[in-house]
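Worksheet for the structure shown next.
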Amino acid sequence: MPVDTWSVKKLYVENSIPAFSRKEPFLNLLMDLKTKGWSVQDDFFSTDFTQALMDEAENIENTQMQLAGVGRKQDHQIVLDARRDYIQWIDPDKPIRTDFLKVMESLRVALNRYLFIGLFDYEAHFARYEKGAFYEKHVDAFKGESNRVLSTVLYLNENWQEGDGGELVIYDEHNPDIEVGRFFPKKGRLAIFLSECFYHEVVVAHRTRHSIAGWFRVNNTTGKNLDPDQ
Ligand code: OGA
Ligand code: MN
């Protein structure tokens, strides 16, 4: 797979804060997605960009968040059991939010270019797990029933330590009883996986846990039936 520098340069989108400082995490991510369908990359974005997202996440008042699974946008997730996180959907209504969506848009274009997966758009929300919160084992989409193709989670927590809990656990594509990866939600880490293929969970967090979860979607619109509906 020749990854020419031109398209990697395309990832250096015009933002108030430069989002990408290195190309390796992007190239590693492409290779992982091709070979195993999921990837976890550290320092995916520049330190300043990640910090700005973290400042934004921390400054959202709890009262401005909603219990996940209810809200103004349709929630497509299939939850086997329970989740206890609070979310706030991201609209381009502040510079840092606009920048984040722009960056993910350039990532969408790059992924389409190299993986030919026809991603159509991206939706994302801030998520906050307070002490004691978790999200039981689930998939983000059931085969043929959702427009969600690729899930992303960007973690925003300073100094996450052993004992703080809140790890993301990813299970084997063919045998969801087998754990294939367990990751701290540490600042700057990006997890990405095929939404229909991988069961995953968030184990109980013992301190407040901030992240941005998002989904690249395909366009399933047929006739008058709009999907995505917005
Ligand atoms: C989700 C999810 C994982 C995480 O929001 O659907 O699985 O590590 N999040 O936050
Ligand atoms: Mn999920």
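Note that the structure is predicted; figures quoted are calculated from it, not measured. Start at 1 and go down the list; that is how both ligands and their atoms are numbered.
Per-residue contacts place His200 under 4.0 angstrom from the following atoms of ligand 1 (heavy atoms of the residue considered): 2 (C), 7 (O). Residue contact check: Ala213 has heavy atoms under 4.0 Å from atoms 5 (O) of ligand 1. Close approach of ligand 1 to Asp140 is summarised as follows: ligand atoms under 4.0 Å from at least one heavy atom of the residue are 6 (O). Interface atoms of ligand 1 facing Val202, defined by a heavy-atom separation under 4.0 Å, are 3 (C), 4 (C), 8 (O), 10 (O). Listed by number with element, the atoms of ligand 1 under 4.0 angstrom from any heavy atom of Leu168 are 3 (C), 8 (O).
Heavy-atom distances between Arg209 and ligand 1 reach below 4.0 Å in at least one pair. The closest approach between Phe183 and ligand 1 stays at or above 4.0 Å for every heavy atom of the residue. Residue contacts with ligand 1 do not include Glu201, since none of its heavy atoms lies under 4.0 Å from the ligand.
Using bins of under 30°, 30° to 60° and over 60° for the plane-to-plane angle, the ring pair Phe198/Phe193 lands in the perpendicular bin. Between Tyr135 and His138, the angle of the ring planes stays under 30°, which puts this pair in the parallel group of the 30/60° scheme.
Where the criterion is an N or O separation shorter than 3.5 Å, residue side chain and backbone included, His138 meets it with respect to ligand 1.
Side-chain contact between Tyr86 and Ile60 is absent, with no heavy atoms from C-beta onward closer than 4.5 Å. Taking 4.5 Å as the limit, every side-chain heavy atom of Asp164 sits out of range of all side-chain heavy atoms of Phe184. Residues Glu130 and Asn62 have side chains in contact (heavy-atom distance under 4.5 Å, counting atoms from C-beta outward).
The backbone N or O of His210 sits less than 3.5 Å from a side-chain atom of Asn157, completing a donor-acceptor pair.
Considering just the N/O/S atoms of His200, the one nearest the Mn ion (ligand 2) carries the name NE2. Within Asp140, OD1 is the N, O or S atom that lies nearest to the Mn ion (ligand 2).
Scanning Phe198, Tyr199, Tyr155 for the heavy atom closest to atom 8 (O) of ligand 1 points to Tyr155.
Within the cation-pi definition used here (under 6.0 Å to the ring centroid, within 45° of the axis), Arg189 does not qualify as a partner of Tyr155.
Under 4.0 Å is where a charged nitrogen must lie from a carboxylate oxygen, and between Glu105 and Arg108 at least one such pair does.
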